[in-house]
2 protein chains.
Amino acid sequence: MKKEDFKYQEDHLKLARFAKALSHPARLHILNFLSCCDRCYTGNIVDELPIAQSSVSQHLKELKEAGLIQGTIETPKVYYCIDKENWKLAKELFKEFF
Amino acid sequence: MKKEDFKYQEDHLKLARFAKALSHPARLHILNFLSCCDRCYTGNIVDELPIAQSSVSQHLKELKEAGLIQGTIETPKVYYCIDKENWKLAKELFKEFF
DNA sequence: AATAATTATCGTACATTTGCGATGAACGAT
DNA sequence: ATCGTTCATCGCAAATGTACGATAATTATT
């Protein structure tokens, strides 16, 4: 097979994206926190972590883009929670991989 | 709790390292390949991937440093295989996390 | 000794990630 | 209208990741 034609498996691409989202302890902490507290806003998460608010916001953005969390505006706060559908998908992909 | 004193959980640090190792499709492909073929050398892996030999070597190094694979020199080749102990640990950490 | 085979490492280029402070946007309360 | 609260985004700096070609290291073969 020619190198040019090679395509990574779709499952591997998806799994790599999830793994990347999980590859920082702050993001693991956020997910862990959200899975306990069910529903909480940015401020609570900032208080949970040793980094600046802007940095937390960036991590939240990445988790959201990876599909692992959802944000809901309730002005002036934003509530976050686990995206259960993608969470399940990620869980299954990891399980299948190992 | 003061920000200075915050420490990430040991499990999260370990899991983040494993996740980082899994965060690239080439490395997932390598691990998948190794789990099938049990034991094979660098050349086989290079043939499996669309990237240069030096790049593959770099990915192998990262997987080795993450503890997920082991290399055995059988000059002039190097055989690689899954590090079963850490593989199991990673599997359990992911399972526990989800 | 010279060559070939196999793999790791080096140097380089470019992109991405991580973190911070400052600023902006939205809105409720005064 | 102004202020305070809450959160996201911007701009920057430093570090890390990804890929490549070239080169080095090791050793078996000629």
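Within every chain, numbering begins at 1; the chains are lettered A, B, ... in the order of the sequence lines, protein sequences first and strands thereafter. Treat the numbers as computed from the prediction; the structure is a model and nothing was measured.
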At a cut-off of 3.5 Å, list every protein nitrogen or oxygen paired with a nitrogen or oxygen from nucleotides 2-4 of chain C, distance to 0.1 Å.
none

Closest to the [X] side chain, choosing from [options]:
X: B:Thr42; options: C:dT7, C:dT9, D:dA8; answer: C:dT7
X: A:Val78; options: C:dT18, C:dT7, D:dA8; answer: D:dA8
X: A:His59; options: D:dT9, C:dG19, D:dT6; answer: C:dG19

Nearest-Å distance for atom pair [atom1]/[atom2], residues [X] and [N]:
X: B:Phe6; N: C:dG19; atom1: CZ; atom2: P; answer: 12 Å
X: A:Leu49; N: D:dC7; atom1: CG; atom2: P; answer: 14 Å
X: A:Leu60; N: D:dT6; atom1: CG; atom2: P; answer: 16 Å
X: A:Glu62; N: C:dT17; atom1: CD; atom2: P; answer: 6 Å
X: A:Lys61; N: D:dT9; atom1: NZ; atom2: C1'; answer: 7 Å
X: A:Ile73; N: D:dA8; atom1: CD1; atom2: C1'; answer: 10 Å
X: A:Ile69; N: D:dC7; atom1: CD1; atom2: P; answer: 13 Å
X: A:Gln70; N: D:dC7; atom1: CD; atom2: P; answer: 17 Å

Could you see if B:Phe33 belongs to whatever hydrophobic cluster contains B:Tyr79? Use Ile, Leu, Val, Met, Phe, Trp, Tyr and a side-chain cutoff under 4.5 Å.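 No, it is not one cluster - the side chains of B:Phe33 and B:Tyr79 are not joined through contacts under 4.5 Å.
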Following the transitive rule for hydrophobic clusters with a side-chain heavy-atom cut-off under 4.5 Å over Ile, Leu, Val, Met, Phe, Trp and Tyr, establish whether B:Leu34 and B:Trp87 coincide in one cluster.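 Yes, one cluster joins them.
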Is a donor on one side and an acceptor on the other found under 3.5 Å between the side chain of A:Asn44 and the backbone of A:Tyr41? yes
So, does A:Asn86 use its side chain to make a donor-acceptor pair with the main chain of A:Gly67 at under 3.5 Å? yes
Show me the pairs that pass salt bridge (charged side-chain N to carboxylate O under 4.0 Å, His left out) and involve residues 59-78 of chain B, at least two apart or across chains. B:Arg27-B:Glu62, B:Arg39-B:Glu74
So, is B:Tyr80 near the phosphate of C:dA8, with a side-chain N or O under 4.0 Å from OP1 or OP2? yes
Considering only distance and modelled atom types, tabulate donor-acceptor pairs under 3.5 Å from the side chains of residues 91-98 of chain A, sequence neighbours left out.
none

Using side-chain hydrogen bond (donor to acceptor under 3.5 Å, both in side chains) as the criterion, list what pairs up with B:His29, not counting sequence neighbours.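 With sequence neighbours excluded, B:His29 shows a side-chain hydrogen bond (donor to acceptor under 3.5 Å, both in side chains) to B:Glu48, given in chain and number order.
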For nucleotides 20-29 of chain D, give me one character per nucleotide, 5' to 3': B if any protein heavy atom sits under 4.0 Å from the base, S if the only such contacts are to the sugar-phosphate, - if neither. BBB----S--
Calculate, to the nearest 0.5 Å, the distance between atoms CG and OG belonging to A:Leu60 and A:Ser55 respectively. 11.0 Å
Kindly state which residues belonging to residues 17-30 of chain B come within less than 4.0 angstrom of DNA chain C, counting heavy atoms of the residue only, listed by number.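 Nucleic-acid contacts, sorted: none.
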What residues, two or more places apart in sequence or in another chain, satisfy side chain to side chain contact (heavy atoms under 4.5 Å, CB included) together with B:Ser54? B:Ala52
Holding to side chain to side chain contact (heavy atoms under 4.5 Å, CB included), I want the full list of residues that pass it with A:Glu85, two or more places apart in sequence or in another chain. A:Asp83
Could you list the donor-acceptor pairs under 3.5 angstrom formed between side-chain atoms of residues 18-25 of chain B and any protein atom two or more places apart in sequence or on another chain?
{"from": "B:Ser23", "atom 1": "OG", "to": "B:Lys20", "atom 2": "O", "distance (Å)": "2.7"}
{"from": "B:His24", "atom 1": "ND1", "to": "B:Ala26", "atom 2": "N", "distance (Å)": "3.0"}

State which residue, out of A:Thr72, A:Ile30, A:Leu63, A:Ile69, fulfils the side-chain contact (heavy atoms from CB on, under 4.5 Å) condition with A:Tyr80.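 Single pass found, and it is A:Ile69.
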